[in-house]
Number of protein chains: 2
Amino acid sequence: MGNIRAPFRSQCDNSHAMDARFPPSSTESPWLPFESRRRARDEKREAVLRAAVQLFLEQGYHRATLNDVAKRLNITKPALYNYFRGKDEILFECWSIGHELVDECIAETSAGVGSGLDKLRKLTIRYAELMTTDYGKSLVRFDLRDLSEHNRKTVQTAKRRIDRAFRDYIAAGIADGSVKPCDPKLAAFAIAGSLNWIGHWFQPGGELTGRAVAEEFAIRLTDGIAKGTTRKKADKPPRKGNASREDRSEHHTRTAAGAAGQSKRTRGRLR
Amino acid sequence: MGNIRAPFRSQCDNSHAMDARFPPSSTESPWLPFESRRRARDEKREAVLRAAVQLFLEQGYHRATLNDVAKRLNITKPALYNYFRGKDEILFECWSIGHELVDECIAETSAGVGSGLDKLRKLTIRYAELMTTDYGKSLVRFDLRDLSEHNRKTVQTAKRRIDRAFRDYIAAGIADGSVKPCDPKLAAFAIAGSLNWIGHWFQPGGELTGRAVAEEFAIRLTDGIAKGTTRKKADKPPRKGNASREDRSEHHTRTAAGAAGQSKRTRGRLR
DNA sequence: ACTATTTATTACCCATGGGTAATATACGGG
DNA sequence: CCCGTATATTACCCATGGGTAATAAATAGT
């Protein structure tokens with residue numbers, strides 16, 4: 001508990017037992033164990049954000065401590081305050097980066113040509129892929145209420161921009177006939193919600209790449225409101241990898257039913 | 001700060017300025033200001049859960065304190081420990097109630113008759129409506145990592161039951177021809193994700209009732225994978241077996257996929 | 001080298017909030 | 001009316017973790 005860090009760290013951290021003069025990975029901390037810290041300020045600031053967003057996602061904002069963030073960067077907590085005012089500002093910056101990325105998606109999609117449906121598909125793919133990245137997940141996994149009043153309003157405004165892009169494309173699609181008549185607001189909620197949820201379950205390194213998920217979702221979701229049955233050739237049910245690794249869906253539909261029975265709201269034990 | 005509660009509360013709480021002998025609302029606390037506390041234990045336990053789930057949803061689990069929960073019930077924090085071992089157990093019980101409710105949905109849906117698509121629609125409606133309730137929101141707004149190891153496993157198991165119900169119905173629908181060929185796993189993620197997100201944005205008292213949202217979502221989402229354009233303009237899904245199995249194939253080669261370029265990860269500035 | 005500035009470190013502060021101990025009050029049964 | 005049990009209350013404990021003050025080490029300029 002006492003020694004967060006030995007003064008001259010005679011003993012190396014040894015979580016990476018190799019020559020310490022070079023970082024073992026390109027995504028490592030720019031603070032090499034002790035000496036040779038001469039990188040530019042902005043690089044360090046971004047490194048803090050990378051470490052923070054990872055930790056916030058891994059552990060959750062409230063369980064991740066600034067000591068944890070600092071330790072991952074080979075520094076100590078007060079050093080973080082050279083770059084940020086406090087924990088909530090770090091959180092806000094994660095969000096800001098996410099919003100910059102999504103704003104790029106919207107801008108490029110809007111700049112392109114095509115029907116409302118085309119643009120909706122394009123945005124869906126880009127947004128879905130963003131949801132498989134750390135800063136994309138920031139947009140949907142963190143809690144607005146952890147921000148200061150001012151920053152919260154900023155984020156809410158950015159969130160509204162995203163929602164409006166989806167709605168506008170849907171409305172445009174209805175107008176140009178590429179999208180079934182529907183309520184743009186609810187349809188946007190349905191699509192964006194599905195995409196946002198990717199940020200909750202997707203884990204890189206699984207059997208699916210972010211791009212594959214994005215394309216599959218774009219088909220599945222837009223087909224729901226596309227006028228006319230866009231029937232893909234065989235869609236890709238037996239596509240690239242094998243799906244049935246974790247798909248023990250051979251159990252029949254009668255699962256779970258028996259156990260539930262009545263809602264016995266007599267949950268009365270304890271002690 | 002000092003006086004959480006006056007010993008004999010000569011001054012009434014006066015947030016409800018009426019005769020204090022009867023609760024002003026049916027959803028009020030069973031602990032009337034001070035005397036006449038003789039209700040059954042289970043009722044009080046459930047009242048704690050109702051207050052807790054509301055507060056956890058309003059403020060977030062970590063910001064909501066047990067003092068807050070107790071205050072809302074006209075009691076003090078240690079009294080809660082007569083009914084629960086700790087904060088995380090309260091959270092777990094909220095989750096448990098939610099899972100009982102959703103297990104009922106699955107059981108009733110599975111017990112019914114109809115094609116895979118019919119069952120998928122039925123479950124979608126029920127699940128969507130559940131997502132507009134407090135205990136339904138518990139399922140998607142709270143964080144597994146706040147639970148003890150043992151309780152976390154219980155919840156994860158229950159979550160897997162939900163996922164499998166969706167997958168099974170989709171797989172059954174593919175088998176009986178009511179659902180387009182697709183990857184059941186991803187399709188279930190897409191649908192369930194969209195529904196889960198309802199728990200994040202829906203607020204009772206808005207312009208839409210839970211039921212209306214549920215029915216609209218059921219149409220919007222299942223149409224995405226239903227084979228044949230089930231063309232029901234006048235939002236009246238509660239019919240069974242209207243899935244016209246006619247396959248109006250109309251080609252529409254997919255575009256959109258390849259167009260998404262590389263996102264320039266060259267974010268230069270950042271203060 | 002000397003000095004100013006930046007950037008890190010050690011050693012704290014302290015508000016928060018979950019949880020507990022000791023104790024008081026209500027209630028039900030004899 | 002008295003006592004045992006259940007259920008509340010007051011008054012604490014204390015681990016956690018965000019944040020700060022004082023200070024030391026590295027860096028850049030001259």
Original post:
Are B:Lys87 and B:Tyr61 in a cation-pi contact, defined as NZ or CZ under 6.0 Å from the six-membered ring centre and within 45° of the axis?
Top reply: yes
**OP:** With B:Arg152 as the cation and B:Phe92 as the aromatic partner, state whether NZ or CZ is under 6.0 Å from the six-membered ring centre and within 45° of the axis.
**Re:**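 No, B:Arg152 does not lie over the aromatic ring of B:Phe92.
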Would you tabulate the pairs of protein nitrogen or oxygen atoms and nucleotide nitrogen or oxygen atoms of nucleotides 17-21 of chain D closer than 3.5 angstrom?
residue	atom	partner	partner atom	Å
D:dG18	OP1	A:Lys87	NZ	2.9
D:dG18	OP2	A:Leu66	N	2.9
D:dG18	N7	A:Lys77	NZ	2.8
D:dG19	OP2	A:Tyr81	OH	3.0
D:dG19	OP2	A:Lys87	N	2.9
D:dG19	O5'	A:Tyr81	OH	3.3
D:dG19	N7	A:Lys77	NZ	2.9
D:dG19	O6	A:Lys77	NZ	2.7

Starting at atom [atom1] of [X], determine the distance to atom [atom2] of [N], rounded to an integer number of angstrom.
{"X": "A:Asn74", "N": "D:dA25", "atom1": "CG", "atom2": "P", "result": "19 Å"}
{"X": "A:Asp68", "N": "D:dT16", "atom1": "CG", "atom2": "P", "result": "12 Å"}
{"X": "B:Leu73", "N": "D:dT7", "atom1": "CG", "atom2": "C1'", "result": "14 Å"}
{"X": "B:Ile75", "N": "C:dA26", "atom1": "CD1", "atom2": "P", "result": "16 Å"}
{"X": "A:Lys71", "N": "C:dT9", "atom1": "NZ", "atom2": "C1'", "result": "15 Å"}

N/O (side chain, [X]) to phosphate O (OP1/OP2, [N]) under 4.0 Å:
{"X": "A:Arg41", "N": "C:dT6", "value": "no"}
{"X": "B:Tyr83", "N": "D:dA6", "value": "no"}
{"X": "A:Asn82", "N": "C:dT6", "value": "no"}

Subject >> Salt-bridge criterion met for A:Asp134 and A:Arg50 (N-O under 4.0 Å) >> reply: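 So A:Asp134 does not pair with A:Arg50 through a salt bridge.
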Original post:
For the residue pair A:Leu57 and B:Arg145, what are the closest heavy atoms and their distance?
Top reply: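 Shortest heavy-atom contact: O-NH1, 2.8 Å.
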Subject >> A:His200 to A:Val140 - nearest heavy-atom pair and separation >> reply: CE1-O, 3.5 Å
Original post:
When rounded to the nearest 0.5 angstrom, what distance separates CH2 in A:Trp95 from CG in A:Leu144?
Top reply: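 Answer for the CH2-CG pair, A:Trp95 versus A:Leu144, is 4.0 Å.
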